[in-house]
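This report refers to the structure that appears directly beneath it.
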Amino acid sequence: MSDPEVRSALRVAVHRIAIVAGVFCAVLAGLLWHNGIQLHRADESFRLVDSEKLVGLKQQLAADPGDADLKDRIRTLDQDLRLEYFRRQSFATRGGFTLLGGGLAFIVALHLARHLRGPRVPVFSAKPEDRMRSAQVAAKAVGGTLIVLTGLTAAMVGGRTRQWQAAPAVGGDLPEPAPTVNEAWWPEPEEWAAQWPCFRGPGGMGVATVDKLPAGWNGETGEGILWKTAIPLPGENSPVVWEDRIYLSGATEDERAIYGIDATTGRILWSAPVSTPQGSRFDPPAVMEETGFAAPTAVTDGRRVIAIFANGEIVGVGTDGSPLWARHLGEADNLYGHANSLAMWRDLVIVVYDRGGAEDGLSRILALDAATGETRWSTDRPVPASWVSPMVIEHEGQPQILTAANPWIIAYDPADGSELWKVKAMSGDVAPSPAYHDGVAYFTNTGACLIAVKVDGRGDVTDSHVLWKRDEDDYPDICSLLCDGPRVYTVVYGRLFAYDAQSGDQVWEHDLEDDFQASPVLVNGRLWLLTMEGETIIGDVDAEGFHEVARHPLGEEIGATPAFGPGRIYLRGREHLYAIGGDEG
Amino acid sequence: MAEQRSEPDSGRRRLLRATLWGGGLAGLGALGGIGVKRLTQDPPAPKRPPLGPEFTYDVSRFQTSDPGLIQWRELSRFPSGLERPRNLCTTPGGHILVCGDDGIRRFDADGRELGFSPIQGRVHAVAVLPDESLLAGLPDQVQVIAPDGKVRAVWELEDVLPTSIAVADSRIFLADAHARVIRVLDLEGRPLQTIGQRDPDKGIEGFVVPSPYFCVRAAPDGLLRIANPGKHTIEAWTTDGDLELAWGRASFAIDGFCGCCNPVSFALLPDGGYVTGEKGLPRVKTYDECGAFTGIVAGTESFPEYVQATQAGTPEAASAGIYVVVDAAGRVLILDAIGGTVRIMVRKEDGDG
Amino acid sequence: MRILLLLALLALPALGIERFPPPDFSGGHQIPETVVPASQARTQAWIDVAALSLGLLLASWISLRLRSRKGLVILSLVALAYFGFWRRGCVCAIGSVQNVALGLADPGYAVPLAVIAFFSLPLLTALIWGRSFCAGVCPHGAIQDLVLVRPLKVPHWLDQPLRLLPWIYLTLAVLLAATGGMFLICKYDPFVGIFRMGGPRTMLLVGGVLLVLSMFVGRPYCRWLCPYGALLGLLSRVSRFRPSVTPDHCSQCRLCENACPYGAIHLPTRTPTAPADDRDARLRTLSLLVLVPLAAVLFGWLGGKVGLVSVAWHPTGELAGQVAMADAGTLPEPAPDEITAWRQSGADRTSLNTAVAVLEERSLTLGRILGAIFGVAAALHLIRVAFPRPTADYETDAADCVSCARCFSSCPYERQRLGLPTDIPGGSHV
Amino acid sequence: MAEAPGMNRRALLSGGLRGLGLLGIGTATGALATRDKRDDEVWQIDPDACIQCGLCATECVLEISAVKTVHSHGMCGYCELCTGYFEPDPVNLDEGAENQLCPTGAIERTYIEHPYYEYRIKPDLCVGCGKCVKGCNMFGNGSLYLQVNHDRCVDCNRCAIATACPAEAFRLVPRSEPYLLRGKEEA
């Protein structure tokens with residue numbers, strides 16, 4: 001060993017061993033890596049090496065079960081694949097051990113080579129006094145690293161939303177509810193307009209624009225029906241739609257519920273039962289069968305759904321059905337059953353809760369906080385029970401709530417509930433909801449009149465702001481008014497009337513010989529009328545008259561006004577909710 | 001000497017050092033980058049190395065049925081109200097009885113609940129005696145419940161799992177999935193005979209019942225119809241225990257019975273045809289009196305909850321059936337044990353009624 | 001037999017699979033019993049603990065008393081073979097930190113005794129004899145130490161900031177383990193795949209790269225990643241005994257200056273006779289008083305934030321996020337299996353929300369505490385780097401020295417002690 | 001060597017800290033070691049929670065997973081048409097590769113008597129993909145199910161499959177009873 005020449009020769013040998021071992025290890029590692037890729041594929045999926053071929057052959061065989069040749073090919077390929085798979089598996093195992101041995105040889109040879117070369121010459125690069133200097137540099141580096149680290153972490157952490165809380169955390173499931181819930185929040189006007197948030201759609205106008213209308217449908221054959229879902233509890237209310245959810249309510253004498261339905265599948269995602277201690281103290285109200293216990297349509301703003309029932313219970317739930325709040329507005333006293341649908345202005349739920357006679361002093365209009373159910377304002381109404389749904393309009397920057405009852409038509413300021421103007425014109429049990437177009441509101445009731453009022457007045461405007469009023473014809477008792485700009489339409493006992501919106505002159509009338517309860521709607525400029533038998537009559541309207549275009553039967557009675565979503569029509573029959581649409585996509 | 005030796009070294013050394021540092025720092029940077037990317041990914045993408053096609057059990061091609069074959073439509077459905085519904089039957093009075101782990105619930109023909117008889121234990125089968133009493137089949141016993149809801153008698157039967165009960169000619173036919181025979185009892189619960197016992201001399205192979213689904217019905221023609229799920233057939237037997245005929249074939253195709261043991265339930269239509277219920281791929285189909293496939297009542301696609309549960313492969317799914325009965329009006333009632341609802345199906349052509 | 005079966009039938013939970021008798025075979029076929037391979041013997045854990053204890057004692061004895069590098073190499077090889085390749089890297093002291101963290105945070109989790117031993121014994125040893133665990137028992141340390149053929153000196157300014165990494169790693173690992181999220185250290189262990197000769201290929205690649213790096217840079221994992229090493233270093237700073245380069249006294253011959261591949265030998269800062277600088281000591285105390293609380297507060301705050309974010313890496317948090325996405329309709333189809341399983345198990349949103357809320361609360365608190373601890377550790381590290389303790393001799397660093405025994409043979413007094421020739425080439429300073 | 005004035009203080013401080021460290025380790029160890037549940041534990045799959053997602057085949061640290069199918073023969077229906085053995089809608093009910101479900105051919109089918117067949121798992125070939133389990137659970141009674149085979153399991157501190165398992169079906173069971181077998185009563 002001491003002989004330098006032997007030592008040097010040995011060193012060369014060991015060096016070569018190290019090189020060979022190193023190359024061997026590198027090659028083997030590469031092979032193992034490749035083998036692993038073959039076993040697991042680059043996409044990390046787990047499969048036999050050429051499985052698509054096998055699966056394809058099997059499918060071929062399913063189509064032609066008698067092909068003996070194909071069977072043979074499958075069997076051969078199958079065996080090959082299995083053998084290949086397990087061969088590769090065992091190669092991985094054995095290769096691992098070999099690599100380990102090779103690595104060991106490599107390292108040992110390297111160590112030996114170093115040992116044979118002898119100890120290294122110490123290089124004294126640092127001087128003792130360097131230590132303080134290097135310490136200072138290192139300290140700066142450590143400090144700088146810490147600062148950079150803090151900044152990076154803060155930036156990274158700060159930019160992240162807690163996405164697991166994106167779930168509608170309403171209902172106080174979380175100790176720290178999403179902060180937006182209790183803050184004043186409401187959708188932008190264009191968001192309202194894009195949804196179907198309340199009775200008769202955005203603004204309660206009864207006007208819908210639907211892209212890709214289906215050519216037609218037939219509830220009996222299932223043609224054009226995307227899905228059909230049985231609604232457990234009955235109700236005359238219309239569905240409301242927000243994005244991919246549909247909400248509606250149902251009730252019987254002793255059961256009430258709100259339903260959340262998946263617009264894609266029609267599955268009832270949740271059903272929120274409604275019951276308040278106060279509500280259960282009273283006997284169920286007496287209602288007419290046609291009205292039922294869940295006549296008023298609910299409202300939604302995409303975060304909460306609020307529904308009112310005939311017994312005076314009003315509840316707010318999250319879009320996942322979790323309870324937000326529940327209230328009882330006092331025992332109902334209503335000849336037919338409470339039927340005024342809800343409206344919404346900003347984050348306020350507008351409730352017209354008219355009860356009893358005018359002298360009872362029970363009627364009022366309230367605005368409830370949609371998030372908490374608290375009363376923001378409440379204004380007494382000098383009227384008896386009514387069935388008109390409130391409508392929120394805006395005229396020259398002033399939002400107004402339009403209501404009608406016997407005898408007063410009253411507009412309120414939704415901000416504080418103060419009366420803006422009123423007209424004394426109505427009589428009887430007022431039920432049809434108003435229409436509004438360009439500064440003029442239209443009201444009607446059977447046995448009373450059809451009246452157009454300019455909405456820019458203040459105070460009692462009976463003598464000053466009535467544009468026109470007529471009382472010579474029959475007027476609707478349930479179906480709401482509809483105004484398309486030039487004309488106002490009424491549906492009265494199977495007849496359709498058109499009046500000039502500016503003058504009030506009757507333009508034409510059209511006999512349909514059907515019974516109607518649902519309110520007419522204007523869809524893409526065409527008038528839709530839904531008969532009680534479930535037929536949807538679609539027609540063009542112009543100055544000349546009504547030109548029927550199509551009739552689509554549903555096969556189930558309809559009492560509720562339809563709702564619309566993107567490319568979809570939702571019809572609520574007596575028992576089912578139908579989604580109608582064209583081709584998916 | 002020190003200078004001499006370190007001189008040739010320094011160039012190589014510097015290169016090596018530079019390479020190593022460069023490589024090391026680049027590696028660290030890459031690692032850090034990956035880390036930062038992972039941390040800031042919002043939301044963290046679910047990473048699932050998928051199994052290759054040959055490692056995946058795929059029956060999706062059987063899960064949709066030809067709409068042209070669907071001859072029935074759903075009139076309505078109602079929840080069974082039971083935690084774990086297991087069977088149903090109709091009464092001569094037109095009521096619907098659904099049994100399960102809590103007891104028996106009674107509904108009218110439209111699905112309105114009329115009453116509830118709580119029973120301790122798993123009620124696998126329910127039937128009505130001529131005197132309007134109910135028979136509830138539980139493991140190793142049959143309870144007789146009088147019309148007033150009181151338990152009139154309990155017939156203890158050793159090693160019996162009654163999964164279906166038929167009553168005809170003052171006799172009770174109990175499908176015993178445990179012994180895989182039909183036990184014949186009189187109206188007082190006394191055993192009279194057994195049908196379908198394996199008997200090589202008579203050429204009777206016995207019923208193949210691999211799981212607790214074994215259905216018996218009494219037909220108007222005086223014969224019994226018994227499902228032999230392991231053989232994928234429905235068989236006609238005399239009440240004396242002779243096999244008359246059998247039909248049915250195993251296939252995932254729509255005209256066959258799928259899986260290892262189907263049909264789990266069947267019923268007789270007024271025209272002599274059959275309605276069959278299958279588990280696994282939940283589907284309800286009709287066959288004519290000769291066993292020729294005639295149409296679909298409800299295809300697999302109409303049982304989404306059931307399909308979801310079987311996809312997840314949970315034990316609930318492995319022991320949940322699709323049960324069918326036909327009521328006096330010829331409507332088909334389907335109990336989906338996972339969805340927990342009873343559907344009332346009517347033929348499409350007489351739908352308006 | 002029948003009765004037994006009957007009892008079994010009755011005893012079943014309502015939702016379980018229907019128990020059902022197999023067919024009666026007329027041919028008398030015997031139904032085979034379900035055969036499952038037996039588990040490893042329980043005594044294995046005790047053999048492991050015994051091997052660990054023995055290894056620790058041996059390593060301490062070899063490094064401090066015997067002062068034999070050869071002995072440590074042999075011990076390392078044995079440890080690597082046993083704890084690494086034979087026991088396949090599990091049970092391991094590094095990972096035991098997580099079990100202990102989870103055990104302390106969750107009273108329902110019982111840490112196996114062997115794991116407690118693997119956690120505490122090396123720490124105890126560190127208190128007495130320094131990091132002898134790293135020197136000869138830890139398979140992770142051994143595999144890196146043994147492949148080190150050509151150590152390169154890592155400059156101080158790079159080495160010291162990198163030594164913060166183990167603390168970060170430790171903090172994150174404890175945070176995730178204690179909230180029941182995941183075992184970060186186990187999931188991203190670079191060498192366990194090599195010990196098992198299999199595993200996720202990315203981790204195998206990382207392990208391979210680290211090993212190649214270890215040939216030139218001493219123990220990169222131990223120095224700049226190992227979370228347990230951070231704890232060991234902390235404790236060994238106050239250890240009763242620790243290796244010293246020279247067995248006798250230091251004549252400042254500088255021969256050991258380059259002997260340490262881990263940068264753990266400090267140059268003297270002053271001549272033996274010069275008095276210590278008071279100004280430095282005062283500055284040091286001042287920065288201790290200011291920096292430590294400041295760092296604790298800052299990183300405590302930051303730790304809370306990180307804690308909240310870490311909920312997303314927790315299975316519960318991940319599920320809640322996916323559920324939220326599913327609700328929002330932004331979840332890509334097909335739905336991940338988590339959602340399927342969750343829906344299948346009843347889709348209980350309330351309990352999920354509650355679980356996430358509880359988790360958030362815990363993660364926030366724990367994150368703050370751990371962040372503060374990290375802050376203190378980082379500040380202490382910074383102060384230690386900025387104000388090195390004045391020393392007159394060549395000394396091993398109390399925290400960073402892993403007792404590998406490499407430096408001993410470079411000391412002429414040691415060579416003298418062993419009776420070896422002291423005429424090292426270039427050793428002209430003697 | 002001259003004693004620096006700080007040396008004593010330093011030694012004292014060091015000793016004190018050492019004592020503190022001892023105390024800390026001792027407390028933690030004591031607190032943990034005195035817990036009630038002392039049995040050694042291993043990982044196992046709860047077959048009732050398993051949804052056969054397939055991750056057992058891919059997530060195990062071993063090249064071929066430690067998870068394999070186990071068959072409770074006592075529950076098996078011995079069906080001729082076993083949906084855990086045959087492809088959905090097999091061409092024939094024979095053992096040809098075109099009819100077999102298992103991609104690695106790990107299920108053995110033997111004729112017992114008409115119309116019963118016995119199915120056995122060959123653990124050497126099983127890779128734990130759970131395809132047969134899904135077939136058995138969907139149509140049959142769940143006598144096939146996945147279990148961690150403890151001759152192969154390396155007892156990872158935190159099982160890599162458990163970490164990935166979407167159904168959280170993995171749990172720790174006592175080493176003395178390391179399996180969660182179905183239908184044990186019949187055996």
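Chain identifiers are assigned alphabetically (A, B, ...) following the order of the sequence lines, protein sequences preceding nucleic acid strands; residue numbering begins at 1 within each chain.
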Residue selection (most heavy-atom pairs with chain C, distance under 4.5 Å) from [options]:
{"options": "A/G95, A/A135, A/G103", "answer": "A/A135"}
{"options": "A/I107, A/T145, A/D262", "answer": "A/I107"}
{"options": "A/T150, A/T153, A/T93, A/L149", "answer": "A/T150"}

Is it the side chain or the backbone of [X] that comes within 4.5 Å of chain A heavy atoms, both, or neither?
{"X": "C/F85", "answer": "side chain"}
{"X": "C/L146", "answer": "backbone"}
{"X": "C/L298", "answer": "side chain"}
{"X": "C/L164", "answer": "side chain"}

What is the minimum heavy-atom distance between [X] and [Y], and which atoms define it?
{"X": "A/A138", "Y": "C/H156", "answer": "CB-CD2, 3.4 Å"}
{"X": "A/R114", "Y": "C/V149", "answer": "CD-O, 2.5 Å"}
{"X": "C/L148", "Y": "A/H111", "answer": "O-CE1, 3.2 Å"}
{"X": "C/L382", "Y": "A/A139", "answer": "CD1-O, 3.3 Å"}

From [atom1] ([X]) to [atom2] ([Y]), nearest 0.5 Å:
{"X": "C/L204", "Y": "A/W33", "atom1": "CG", "atom2": "CH2", "value": "7.0 Å"}
{"X": "C/W157", "Y": "A/R133", "atom1": "CH2", "atom2": "CZ", "value": "15.0 Å"}
{"X": "C/F195", "Y": "A/L100", "atom1": "CZ", "atom2": "CG", "value": "10.0 Å"}

Review point. Which one of C/L211, C/L205, C/I383 has the most heavy-atom pairs closer than 4.5 Å to chain A?
Key: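 Maximum pair count with chain A is reached by C/L205.
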Check your understanding: Is it the side chain or the backbone of A/L32 that comes within 4.5 Å of chain C heavy atoms, both, or neither?
Key ->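 Neither part, no heavy atoms under 4.5 Å.
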Exercise for review: Name the region of A/F106, side chain, backbone, both or neither, that has any atom closer than 4.5 Å to a heavy atom of chain C.
Suggested key: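 For A/F106, the contact with chain C is made by the side chain alone.
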Review point. Do C/F299 and A/L146 come close enough that some side-chain heavy atom pair is under 4.5 Å?
Key: yes
Exercise for review: Might you confirm whether atom CZ of A/R16 has over 12 heavy atoms from other residues, nucleotides or ligands at distances under 6.0 Å?
Suggested key: no
Exercise for review: List the steps and the verdict of side-chain contact (heavy atoms from CB on, under 4.5 Å) for A/L99 and C/M197.
Suggested key: CA-CA 10 Å; A/L99 185 62; C/M197 291 194 261; over 6 Å; no
